[in-house]
Amino acid sequence: MTLQLKRFFLILLCLLPAIPTATTAQEDEDETEAAQEEATITDYIEMDPSFVTHVGEPGDKLTYLKASVTIRASKETTRPAVEAHMPRLRHKLVMLFGEQTDADRLATSEGQAALRDEAKQRINAVLAEQQTGETITGVLFTEFVVQR
């Protein structure tokens, strides 16, 4: 056997274990792409009717908040869980909105963002407490009015 032929077989022998790894890597990429496609599902769940409550310190001039809320989910299985627990979710948001004492802060984008984050946390807490295995990815205010 010539030296070149020996080198060829040696290289071939070294490359054989790498072939299944390449196939496994391709399968991993396919699974990752499928998971990403599933994660790109966006389902918007409206909470009708809008929320209307008073905000501010007790004894101050009445200030009202009207908020239309839409929940954003990234799985198709989240909607049934949210709809099943909608009365409790609405209750939690009514309580959250009623706890707001700084109407000036609610008029800022930072205040509204903080309120959205807190609403998301409370909704996810209810879904976890009810052992639904579901979470929401965001809360959107499609209408937000503070009237003094």
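Side chains are part of it too, since the values below use all heavy atoms of this structure and drop only hydrogens, waters and symmetry mates.
For the atom pair OG1 of Thr101 and CD of Glu57, the computed distance is 4.5 Å after rounding to the nearest 0.5 Å. Rounded to the nearest 0.5 angstrom, Lys75 NZ and Thr137 OG1 are separated by 11.0 Å. In this structure, OG1 in Thr78 is found 10.0 Å from CD1 in Ile71, a value given to the nearest 0.5 Å. Note: Thr132 OG1 to Leu127 CG = 4.5 Å, rounded to the nearest 0.5 Å.
Closest approach of Glu134 and Ala81 over heavy atoms only: CG-CB, 3.9 Å. Nearest heavy atoms, Ala114 versus Arg105: CB-NH2, 3.4 Å.
Within the 4.5 Å cutoff, the side chain of Val94 has heavy atoms near those of the Phe51 side chain. Residues Leu115 and Leu96 have side chains in contact (heavy-atom distance under 4.5 Å, counting atoms from C-beta outward). Side chains of Val69 and Phe97 form a contact here, defined as non-hydrogen atoms less than 4.5 Å apart. Side chains of Glu76 and Ile41 form a contact here, defined as non-hydrogen atoms less than 4.5 Å apart. Looking only at side-chain heavy atoms (C-beta outward), Met47 and Thr70 stay at 4.5 Å or farther from each other.
Hydrophobic clustering of Ile, Leu, Val, Met, Phe, Trp and Tyr side chains at less than 4.5 Å, counting indirect connections, unites Met86 with Ile123.
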Show your reasoning for whether side chain to side chain contact (heavy atoms under 4.5 Å, CB included) applies to Thr63 and His54.
CA-CA 5 Å; Thr63 302; His54 65 277; over 6 Å; no

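Each of Leu89, Asp43, Val82 was checked for a side-chain contact (heavy atoms from CB on, under 4.5 Å) with Ile136, and the lone residue meeting it is Val82.
Applying the side chain to side chain donor-acceptor pair (under 3.5 Å) definition to pairs two or more places apart or across chains, those involving residues 80-98 are Arg79-Glu83, Arg88-Glu129.
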Only pairs under 3.5 Å count here: list side-chain donor-acceptor contacts from residues 139-148, not counting sequence neighbours, and write none if there are none.
{"from": "Thr142", "atom 1": "OG1", "to": "Ser68", "atom 2": "O", "distance (Å)": "3.4"}
{"from": "Glu143", "atom 1": "OE1", "to": "Ser68", "atom 2": "OG", "distance (Å)": "2.9"}
{"from": "Arg148", "atom 1": "NH1", "to": "Asp104", "atom 2": "OD1", "distance (Å)": "2.5"}
{"from": "Arg148", "atom 1": "NH2", "to": "Ala103", "atom 2": "O", "distance (Å)": "3.4"}
{"from": "Arg148", "atom 1": "NH2", "to": "Asp104", "atom 2": "OD1", "distance (Å)": "3.0"}

